[in-house]
Structures are given as C-alpha cells and as structure tokens.
2 protein chains.
Amino acid sequence: MSLPHAILTALLEKPSSGLELTRRFDRSIGYFWSATHQQIYRELGKLEQAGQIRALPSEQPARGQKKEYEVLPAGRAELASWVARREDPKTVRDPLLLRLRAAAVVGSTGIREELARHLDLHRSQLEHYRSIEDRDFPPERRTAETDRLRHLVLRGGIELETFWTKWLTDALTALGPGEQETPAP
Amino acid sequence: MSLPHAILTALLEKPSSGLELTRRFDRSIGYFWSATHQQIYRELGKLEQAGQIRALPSEQPARGQKKEYEVLPAGRAELASWVARREDPKTVRDPLLLRLRAAAVVGSTGIREELARHLDLHRSQLEHYRSIEDRDFPPERRTAETDRLRHLVLRGGIELETFWTKWLTDALTALGPGEQETPAP
DNA sequence: GTGTACATGTAAGTTGTTACATGATTGG
DNA sequence: CCAATCATGTAACAACTTACATGTACAC
C-alpha cells in the first residue's frame, strides 16, 4: 500500500505528468520506492477516481498528449494520515543472501563473480548518493525541518549501501580466492 | 523467482511437510526469504508437477494428512544453476524511508513514536541473531565451506539490523525530542 | 516522409496477501 | 463427544512484471 503514497509525495513536491513521474521514480524518490511507468499510470487513474488528485485543465486529454496532475486536499489528508500510521517493517526478502544459503547446500560454484559484481554496483550507488549529499546537503542546509528529514532519508540510503559494500567485501575475503568445492550430491 | 529456490534449499537441508516448511520459514530460512503457508503449498504443488520434488511414499495422500517432500535430482540441478545465475540487486522499496520523505512534505506529526517502535523491533531482532551466532557459530565451527557460507548469511542479517538500529538512533536524535512543526498546506 | 523521442496506455501473467474451508488427531 | 491443534487446501484479490500497442511532435 505504499505506491499511491509515493506518488502523492512526488506530486506534492512538484505536479507532474505520468512520464515525468516515471523519470523521478528512476532517481530521487525511486531510490526508496521504485515503480515502472505501467504501475504509475494505473495508480494515477485510481487516485484520480478516488478524488485525491486531478488532471490540470488542458485542451486535449487524448492519448499521446501530456497530462499533468496535482494533489487535492483529500490526497494531502490521506498522505498525512499514512505518515502517522503504524506499520511493521516488512519481512526481509533478499535473493542474494538466499543464494548464499543455497550455495552452502549445492556448492558455491560461480558465486564469487556474482558477489564481486554486486560489490561494484553497490559501490557506485554509494558514490552516487555521496555526490547528492555533497550537492544538496551542505552543513548549512541541515537546519530546517524539511531539509533535515530529507537528509535523514538520504543518510539511510548511504548507510544501507555502506553496509552492503562492507558485507560483500567481507564475504569475498571469507570465500577466499579460488574455486570452491561442491558438496557431494 | 526466488520462492521455489528457497523451498528447494529448505527441503535439501531437510525433507519436510508443508507445515514444517512454514514453521522453518518463520525462523531460519525465513529471515532472508519470508513466505506464508498458502504460498508454500501452492509452490510445492508446482514444484511437484515440474518434477523437481516428490512426495515421500505414504498410504494416505488425503487432506489433513501429513505429506513429506524430498528434492529430486532435477530440483537440485535447477537450484545449482540458480546459484550461479546473475541477478541484479532488486530496487529498494522501503516504506519507512518513504514515509520520512512524505513527512518532509506534509509534516512529521506522530512519526517519532513510529521510529522508536521500529528501533525496538530491530534491536530485538539483532539480539536474536546474535544469540544464534553464539549458539551455532563458535569460532571453531567457521572453517568448513558450508559453515562459513551459513555464517556469512547470518552476518548479513546481523549487520543489516545493526545498520537499522544505528540509523534509527541517529534519526531520533536529529528529529529532536518534541513535536515537529507542520509545513503550511 | 520517416525515424526518433515523447507520452499514454492495454493485456497477460506471476507473485504475494487475506480470509476462509475442511479433514485428522489428541487430550480432557 | 468436544475443543484445540495439526495439517492441507481454495478463493479472491492486490501488487508487481513483462511485453506490446497507439498516438504526437519534431528534426532531418
């Protein structure tokens, strides 16, 4: 139940069309809640029907024509109530950890390369977050409530990627350099 | 595409019935890939049809009767190939980070309590993982390949929970003690 | 005119969630 | 016998994924 709220947040930050939202879900807000354009268009339709957003008045509401949305008071109220809601952390589902556990049973052939590849990906994501932090959150911009909150979210991303790079580095060390034996069938 | 592989791994570790699997998905393997009993029964049916597992011979294959499964060679092969497969880390979807970002727009009323609650949950999960580490992975049990891999997975859980407790502690400090102002509508 | 980027959408399938249904076994 | 627990399952829905369809605008 988070996608509609992600969209409401994005639209409050700046009214947008479906495709603009899609692009913003590929950076910024999408770092914490990803979505494809199909999900977004469908959800925009639902939110409009529910009276939480509306399309900005324009001449041609046709296919292929840009359609901008803005949040209505009902949408803002729903978002505020969601922010205050209690919701337990969702149970973890991590394919890489699971694969390592499977490797403990069927043998770890080929998994070293995969770990190294993931390490690269997480390292570059970490660098990317750090450059955003340098650009958008210099020390003097960390006093206003809004900026403090946004910076906290980014810190979450930075520390999460830091965790992954550290754990993957440790894992590669623990696995050792060479080929691993395969447990007998 | 990870649930079938989680089940294959669990069944290789120990042949089980659907309900036993469900219980193991509530601890151990479920710490990295959670699933409900409905998902598990459905997937067991599919895996059996695909010839990757089979029900151990027994008299009554009736409703209400326990049915144990074991992995067939085809299942083990599929699991091994999945372990060696490349798969990018899935894009992040974290409701709590998203909620904080929404709070930056509509105001953070009530979110402090929620962060404190999550901190408690992550702290106790961390303690739980640590007790498992003490029990199952004393230093002398970290030399065999299988044990090293399983320990790595657990370390992943431990460091992930460490990240959350640290970030949540920082977040509560940054938010300060009192009520937060609400941005004007 | 046509290829490319922009922009919105449909359709089908898989995975995950929630609620409920049914039968077997056992302790009191 | 009856309640509680064990055990397997159905059904309906919601969320997400993948592939494709359609139309507009504009540079060449």
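The sequence lines fix the lettering, A, B, ..., with proteins before strands; numbering per chain opens at 1. Owing to the predicted nature of the structure, the values given are computational and were not obtained by experimental measurement.
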Legend entry - B:Arg85-B:Ser81 side chain donor-acceptor pair, cut-off 3.5 Å: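 A pair is found: one side chain offers a donor N or O, the other an acceptor, under 3.5 Å apart.
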
Shortest side-chain distance from [X], nucleotide among [options]:
X	options	answer
A:Leu3	D:dC16, C:dG16, D:dT8	D:dC16
A:Lys67	C:dA7, C:dA24, C:dT8	C:dT8
B:Thr36	C:dG9, D:dT17, C:dT17	C:dT17

Inset, instruction - Please work out whether the ring planes of B:Tyr31 and B:Tyr129 are parallel, tilted or perpendicular, with thresholds of 30° and 60°. - result: perpendicular

Inset, instruction - Please work out whether the ring planes of A:His5 and A:Trp82 are parallel, tilted or perpendicular, with thresholds of 30° and 60°. - result: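 Geometry flag for A:Trp82 against A:His5: parallel rings.
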
Inset, instruction - Answer yes or no: side-chain N or O of B:Arg42 and base N or O of C:dG16 forming a donor-acceptor pair under 3.5 Å. - result: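 Between C:dG16 and B:Arg42, which were checked side chain against base, a qualifying N/O pair under 3.5 Å is present.
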
Inset, instruction - Specify the residue among B:Glu68 and B:Arg93 whose closest nucleotide of DNA chain D lies further upstream toward the 5′ end. - result: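 The 5'-side residue here is B:Glu68.
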
Inset, instruction - Would you indicate whether A:Arg123, at its atom CZ, is surrounded by more than 12 heavy atoms from other residues, nucleotides or ligands within a distance under 6.0 Å? - result: no

Separation of atom [atom1] in [X] from atom [atom2] in [N], rounded to whole Å:
X	N	atom1	atom2	result
B:Gln38	C:dA21	CD	P	14 Å
A:His37	D:dT17	NE2	P	13 Å
B:Leu44	D:dG9	CG	C1'	12 Å
B:Leu21	D:dC6	CG	P	16 Å
B:Phe25	C:dT17	CZ	P	13 Å
A:Leu19	C:dG9	CG	P	11 Å
B:Gln65	C:dT25	CD	P	5 Å
B:Ile40	D:dT10	CD1	P	16 Å

Inset, instruction - Verify the contact: side-chain N or O of A:Tyr41 to OP1 or OP2 of C:dT8, cut-off strictly under 4.0 Å; return yes or no. - result: yes

Legend entry - OP1 or OP2 of D:dA15 under 4.0 Å from side-chain N/O of A:Gln39: no

Inset, instruction - Have a look at B:Lys46 and say if it touches a base, only the backbone sugar-phosphate, or nothing, with a 4.0 Å heavy-atom cut-off. - result: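 Sugar-phosphate: the residue B:Lys46, judged by heavy atoms under 4.0 Å, touches backbone atoms but no base.
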
Inset, instruction - Pick base, sugar-phosphate or nothing for A:Ser17, based on heavy-atom distances below 4.0 Å to the nucleic acid. - result: sugar-phosphate

Legend entry - A:Arg86/B:Glu113 salt bridge by N-O under 4.0 Å criterion: no

